[in-house]
Amino acid sequence: MYHHLQTRIFLHQQNDLLRAENRARIHAMTSPSICRSCEEPIISTEERELWLENARLRSEIDTLTCFIWRLNSFRNLYPAFATSLTEVGYGVAVMTSLSLKEVVFLARQRTPMWTSNGRLNLDEYYSKLFPWYARNAPGFVHEVSRASAFVPCDASSLVANLMNHVSWQKIFPSIIADVSVESQQRGLQKINVNFMPQISPLIQTRNVKLLRRSRHIEDDTWAIAEISMYFSSYAQHLRPEYMRFPSGYLIQHIANGISKVTILDHWVYKEEEGMNTFNSNSEFGAQRWLTALQKHYYNTCPVSIPSIGHNIQIFDQICRKNLLNLSSFMVNVFCSGVCGITGQRWNRLNTVGVSANNIRMFTQESRGMSGIPCVLVSATGLARMHTKPEVMFGLINGAEKQEIWSYLESAKDMKELIRIGRHPNSWNEVSVFSIEWKGSKEWYLIQETYYDESGAMIIHTCVEAPYFAAAINGGDLSGVELLPSGFTIIPCESQECFVTASCYVKADQTMVTSPNELGSYMENMVTNILGNVQNALPVHR
């Protein structure tokens with residue numbers, strides 16, 4: 001049964017390939033037009049599409065041929081194990097085994113597999129490793145990188161946290177929008193994930209179904225690998241927009257609660273899929289994951305005043321952990337609203353007209369603190385700034401918030417109370433400010449800043465004192481209403497960057513019934529914020 005099924009699939013793909021080749025031959029027999037300038041045949045769009053499809057079919061047949069061979073070899077080596085699995089489970093076992101080997105191999109290789117500037121040599125890659133789909137197929141982009149560093153966490157605990165889908169999302173709040181589990185057992189997971197490659201209104205999120213597996217490969221070393229469940233399909237409409245090639249972590253126990261972590265990040269997609277800020281083989285992907293991982297586990301003793309009221313003892317380890325959890329929650333809320341993650345019930349707000357700042361708006365049905373239904377609105381705009389990312393970060397982070405954010409104009413006596421470093425880089429911090437705002441009420445402003453070579457974020461939100469105290473003292477985030485605002489900064493050229501400004505407001509149902517009026521209000525707000533930054537820029541160049 002198993003071999004019969006595989007043979008049918010294989011023959012089906014071969015037939016499709018032959019049909020494509022026959023169509024190409026028919027076109028080749030017709031008299032082509034000749035270019036007058038170069039005297040070469042003019043290839044029509046239809047002929048080019050046939051050629052591309054033919055190359056992709058050949059790539060898929062190569063992949064399937066090798067996969068069937070691996071399946072049969074695995075069955076011969078482990079007959080008892082093979083008979084205990086279904087055909088699907090058997091295929092999954094082989095795929096995850098190949099993925100683990102690839103992650104470990106690429107994490108440890110040097111030249112010629114990796115070039116001197118840190119890019120993967122694709123010729124070496126496909127000559128030494130399993131030929132996953134898109135091998136030598138034209139029109140596909142490989143976005144692959146790796147990065148290594150020490151992380152202050154015990155290796156076995158780190159593996160457990162990374163394999164827990166809830167913890168995984170908490171560790172990477174600005175990369176993983178949401179995760180849902182289809183099944184999991186014995187270190188194997190089938191999950192649906194929404195990835196955020198960058199926090200920008202112009203960069204598409206990547207939704208993939210993944211197989212994830214962990215393995216203790218040596219006495220002091222663990223590996224975690226993930227791969228798209230899809231890797232070959234002869235039906236073009238079944239091909240996903242983005243494919244996750246073997247990616248993951250190699251984790252080595254060092255000593256005294258320290259681990260050495262190497263992260264491999266590998267995406268493949270068609271050239272026309274969305275906007276990609278970076279070139280193929282971008283070095284920023286893995287570094288972004290690694291910086292976020294270090295941030296989660298690294299924090300210095302806070303710089304603080306003796307007391308911030310409401311019985312909050314921030315020097316207490318639990319309170320400090322709750323503050324960092326609250327900040328991570330804020331970051332994830334901000335990022336998911338900017339990207340409009342459907343899994344978190346964000347819906348696009350369609351308005352008439354086109355914005356000069358690429359403004360995009362999403363709405364989410366919610367309930368206010370009193371339980372009354374309301375709608376959260378996220379508005380995000382993007383502008384290109386003619387300055388270096390580090391200059392822009394320093395400008396925004398150092399400016400008075402009232403100068404940039406109009407809704408804080410009435411805030412008084414803003415004082416920084418606490419600052420916790422989240423990374424050896426001093427620009428990665430969580431801060432708490434006290435403010436007098438909205439009459440006599442006492443508020444706290446929480447801010448998290450993030451900076452590395454891949455980009456930067458400056459995000460804040462205001463929380464009333466009683467709810468802030470409940471979250472910090474008790475760890476209960478359910479009663480905290482977060483309306484975060486902030487900036488992201490993405491490098492685009494050596495002297496330029498993209499700046500994204502985003503803000504949230506709470507609206508009632510009647511406002512949403514007039515989307516153009518609401519959209520105009522939000523557009524003006526975001527445009528003014530970007531304008532404030534632009535106006536301040538020449539002084540700080």
Side-chain angles (χ1 to χ4, degrees), residues 169-177 196 198-201 203 288 291-292 295-296 299 323-341 344 346 360 362 364 376-382 389 392-408 411 414 416-423 425-433 435 443-452 454-463 468 471 477 480-490 497-506 525-526 529-530 532-533:
Q169 184 178 0
K170 287 182 179 179
I171 293 171
F172 304 104
S174 62
I175 301 176
I176 301 173
M196 299 178 287
Q198 282 292 347
I199 311 305
S200 166
I203 299 179
R288 187 165 172 249
T291 301
K295 280 184 62 178
H296 182 80
N299 63 84
L323 173 59
L324 297 178
N325 286 340
L326 176 60
S327 185
S328 295
F329 181 52
M330 171 190 70
V331 170
N332 187 256
V333 170
F334 173 85
C335 295
S336 64
V338 171
C339 297
I341 303 301
Q344 297 191 18
W346 288 102
R360 186 170 65 172
F362 293 95
Q364 181 192 74
L376 302 181
V377 184
S378 164
T380 305
L382 180 142
M392 180 58 63
F393 180 89
L395 165 67
I396 296 173
N397 194 36
E400 294 288 337
K401 291 177 174 51
Q402 295 91 329
E403 296 177 1
I404 297 176
W405 301 98
S406 58
Y407 79 95
L408 288 175
M414 183 176 294
E416 186 177 23
L417 303 179
I418 187 170
R419 187 187 312 148
I420 301 176
R422 300 207 68 175
H423 192 267
N425 182 331
S426 60
W427 282 352
N428 290 269
E429 300 168 335
V430 173
S431 303
V432 178
F433 299 79
I435 58 174
W443 292 74
Y444 290 106
L445 185 146
I446 310 162
Q447 175 177 280
E448 177 150 354
T449 59
Y450 174 105
Y451 184 92
D452 70 4
S454 67
M457 292 190 298
I458 304 171
I459 304 168
H460 72 264
T461 191
C462 295
V463 181
F468 177 74
L477 303 182
V480 180
E481 184 178 74
L482 297 181
L483 297 174
S485 300
F487 293 94
T488 66
I489 303 169
I490 304 174
C497 61
F498 286 114
V499 175
T500 295
S502 183
C503 57
Y504 284 53
V505 299
K506 183 170 64 175
M525 181 184 297
V526 174
I529 293 167
L530 289 171
N532 292 339
V533 173

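This is a predicted model, so every value here is computed, not measured.
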Does the side chain of [X] reach to within under 4.5 Å of the side chain of [Y], using non-hydrogen atoms?
X	Y	answer
R288	Q198	yes
F393	T449	yes
K401	L445	yes
Y451	N397	no
T488	V338	no
I199	C339	yes
I529	I404	yes
V505	L483	no

Hey, what do you get for [atom1] ([X]) to [atom2] ([Y]), rounding to the nearest 0.5 Å?
X	Y	atom1	atom2	result
M330	C335	CE	SG	9.5 Å
E448	E429	CD	CD	10.0 Å
I490	T500	CD1	OG1	5.5 Å

What orientation do W405 and F487 show, parallel under 30°, tilted 30 to 60°, or perpendicular over 60°?
tilted

Pick from V333, L376, V377: which one makes a side chain to side chain contact (heavy atoms under 4.5 Å, CB included) with Q364?
L376

Minimal heavy-atom distance between Y504 and P484, with the atoms involved, is CD1-O, 2.9 Å

Knowing that exactly one of F433, W443, Y444 qualifies, which makes a ring-ring contact (aromatic ring centres under 6.0 Å, His included) with F468?
Y444

Under the side-chain contact (heavy atoms from CB on, under 4.5 Å) test, which residues partner P173, sequence neighbours left out?
S328, V331, N332

